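Position 1 is the first residue of the sequence; numbering continues from there. Since we're looking at a predicted model, the values are computed, not measured. Note that ligands are numbered from 1 as they come in the structure, with each ligand's atoms numbered from 1 the same way.
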Amino acid sequence: MLIVKKFGGTSVGDKERIFNVARRCIEDYKKGHDVVVVLSAMGKMTDELIAKAKDINPNPSKREMDMLFTTGEQTSVALMAMAMDALGVPAVSLNAFQVAMHSTNKYGNARLKRIDTERIHHELDQRKIVLVTGFQGIDHYNNYTTLGRGGSDTTAVALAAALRADACEIYTDVEGVYTADPRKVKDARKLKEITYNEMLELATLGAGVLHNRSVELAKKHGVQLVVRSSLNTAEGTTVKEATSMEEKVVSGVAGDKNAARIAVMGLHDEPGIAFKLFNLLARNNINVDIILQSVGRDGTKDISFTVTEDSADETVEVIKNNFPRAKYKEIDVETKVAKVSVVGAGMLAHPGVAANMFQALYQHDINIRMISTSEIRVTVLVNEDDMEKAMNAVHEAYGLQEA
Ligand code: ASP
Ligand code: MG
């Protein structure tokens with residue numbers, strides 16, 4: 001069997017944990033399996049590198065940031081190879097250049113395009129454990145790129161797909177995917193299985209367990225993922241195309257405080273105005289989420305939408321500087337808002353899911369500011385202070401605490 005295992009930063013945070021990971025990989029190796037291991041930078045190293053860079057230059061170039069970032073993952077794989085060697089097992093560390101993990105050239109947010117597997121197969125044939133740096137790629141001119149924060153998951157899935165691995169295991173500091181963040185919802189329960197589509201929604205909504213592009217890629221290539229803890233042997237959560245075990249309509253609840261609501265008021269009520277506004281934002285790479293347009297009156301209307309809180313200032317700047325001033329009255333920004341979402345593949349077949357959510361929020365006296373839905377998701381915008389209360393109320397309303 002060929003197994004790809006990925007360990008996150010906390011899992012390799014210190015000497016003891018590095019040896020713990022080394023032993024877990026060696027266990028599989030000794031069963032005769034081929035083992036490829038993807039590692040993240042140790043602990044908070046990536047954040048520390050950002051701080052170091054900003055201390056030298058508050059506005060560092062993206063290319064040099066990526067050059068700097070790659071040292072984090074490179075440290076992990078080299079130390080891991082040394083640990084395995086100390087335990088008497090041959091291992092070799094490879095970075096994105098040595099493997100040849102080709103990516104686009106968008107520094108800080110590159111996408112993997114193609115992975116050469118020859119070198120890895122060669123090392124596996126020598127019965128070595130192969131340690132690969134997560135999060136990084138190389139562009140057409142061999143510049144290092146990175147895949148976006150949390151991108152090591154995507155490296156692991158891309159490798160599993162390229163190597164046609166028999167298993168892809170994502171080890172982290174939680175035991176799997178939960179019905180909600182256990183730090184926010186006390187009764188949250190670990191899921192045995194979840195579909196790619198549900199996981200994709202949850203990952204995008206800030207559930208934090210998996211990089212959303214890794215889920216996208218896993219779905220595209222049919223790579224079944226297991227998310228589990230590096231610190232114990234508890235069974236994790238399997239992410240796959242369809243689930244059989246759990247027939248719940250809703251699988252999980254997510255909350256995300258990184259949201260801001262922008263309202264553009266007194267817009268001229270004429271054809272093309274929404275196009276011009278959102279096209280402007282798209283051209284500036286601003287991701288818009290929930291959109292709401294009011295009924296027009298007296299020849300004007302209001303359009304409100306949400307963006308991530310970090311991009312709120314930039315969004316307002318872009319509108320103020322580029323949108324014709326004569327076409328609207330004012331812009332209003334509110335950052336003390338949060339998104340609460342319920343996700344479930346079962347929604348496709350069951351009506352009334354949204355109404356249940358609204359009822360739970362009503363019973364807890366939580367005001368809904370905006371609403372958006374997809375086939376398998378309902379999201380509401382609430383006041384930031386209400387987020388946890390809302391998550392708990394909704395979690396309970398759908399009976400997610402029960403197995
Ligand atoms: N070290 C990178 C980060 O902190 C990538 C990762 O951990 O997946 O974002
Ligand atoms: Mg992660």
Side-chain angles (χ1 to χ4, degrees), residues 4-14 17-18 20-21 25 36-54 60 62-80 93-97 99 101 103-104 106-112 115 131-139 144-161 168-174 176-177 199-200 202-204 206-218 223 225-231 236 239 256 258 308 310:
V4 174
K5 293 162 133 16
K6 180 261 170 179
F7 293 87
T10 19
S11 304
V12 293
D14 57 30
R17 290 187 173 189
I18 287 178
N20 165 53
V21 168
C25 297
V36 176
V37 187
V38 174
L39 299 180
S40 294
M42 293 169 70
K44 296 254 163 284
M45 183 156 172
T46 305
D47 293 324
E48 285 157 20
L49 290 172
I50 294 174
K52 273 192 184 130
K54 297 244 152 123
K62 292 198 162 159
R63 181 193 182 276
E64 299 311 330
M65 275 316 291
D66 282 358
M67 188 70 179
L68 183 66
F69 278 145
T70 56
T71 63
E73 273 61 25
Q74 199 158 312
T75 303
S76 297
V77 290
L79 292 176
M80 187 62 71
S93 65
L94 300 172
N95 64 20
F97 182 71
V99 172
M101 308 201 51
S103 78
T104 59
K106 189 157 177 20
Y107 296 120
N109 197 20
R111 280 176 184 260
L112 289 173
I115 299 177
L131 306 165
V132 181
T133 49
F135 178 50
Q136 54 183 255
I138 46 166
D139 75 2
Y144 278 112
T145 58
T146 62
L147 311 181
R149 297 304 306 270
S152 297
D153 297 334
T154 299
T155 307
V157 174
L159 266 176
C168 183
E169 303 164 352
I170 310 285
Y171 289 83
T172 172
D173 50 354
V174 293
V177 182
M199 193 63 236
L200 198 55
L202 286 174
T204 308
V209 234
L210 285 173
H211 194 226
N212 65 349
R213 286 237 301 282
S214 73
V215 186
E216 221 171 73
L217 211 59
V223 175
L225 300 177
V226 176
V227 181
R228 55 187 302 190
S229 167
S230 63
L231 306 171
V239 188
D256 187 2
N258 185 11
T308 58
D310 348 299

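Residue contacts with ligand 1 include Glu73, since one or more of its heavy atoms lies under 4.0 Å from the ligand. At least one heavy atom of Gly151 sits less than 4.0 Å from an atom of ligand 1. Under a 4.0 Å heavy-atom criterion, Gly150 is in contact with ligand 1.
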Test log, rule side chain to side chain donor-acceptor pair (under 3.5 Å), inputs Asp153 and Ser214: CA-CA 6 Å; Asp153 297 334; Ser214 73; 4.6 Å; no
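Met65 CE: more than 12 foreign heavy atoms inside a 6.0 Å radius.
By the 3.5 Å distance cut-off applied to N or O atoms, Lys6 is not counted among the residues near ligand 1. When only interatomic distances are considered, the shortest N/O to N/O separation between Ser40 and ligand 1 falls below 3.5 Å.
The salt bridge (charged side-chain N to carboxylate O under 4.0 Å, His left out) test applied to Arg111 returns Glu216, not counting sequence neighbours.
Contact annotation for Met45 and ligand 1: no heavy atom of the residue comes within less than 4.0 Å of the ligand.
At distances below 3.5 Å, not a single donor-acceptor pair connects side-chain atoms of Arg213 with backbone N or O atoms of Gly151. Within the 3.5 Å criterion, the main-chain N or O of Phe135 finds a donor-acceptor partner in the side chain of Thr155.
Each of the following atoms of ligand 1 lies closer than 4.0 Å to a heavy atom of Arg149: 3 (C), 4 (O), 9 (O).
Among pairs with a residue in residues 65-76, those fulfilling side-chain hydrogen bond (donor to acceptor under 3.5 Å, both in side chains) read Asp66-Thr146, Gln74-Asn95, at least two apart in sequence or across chains.
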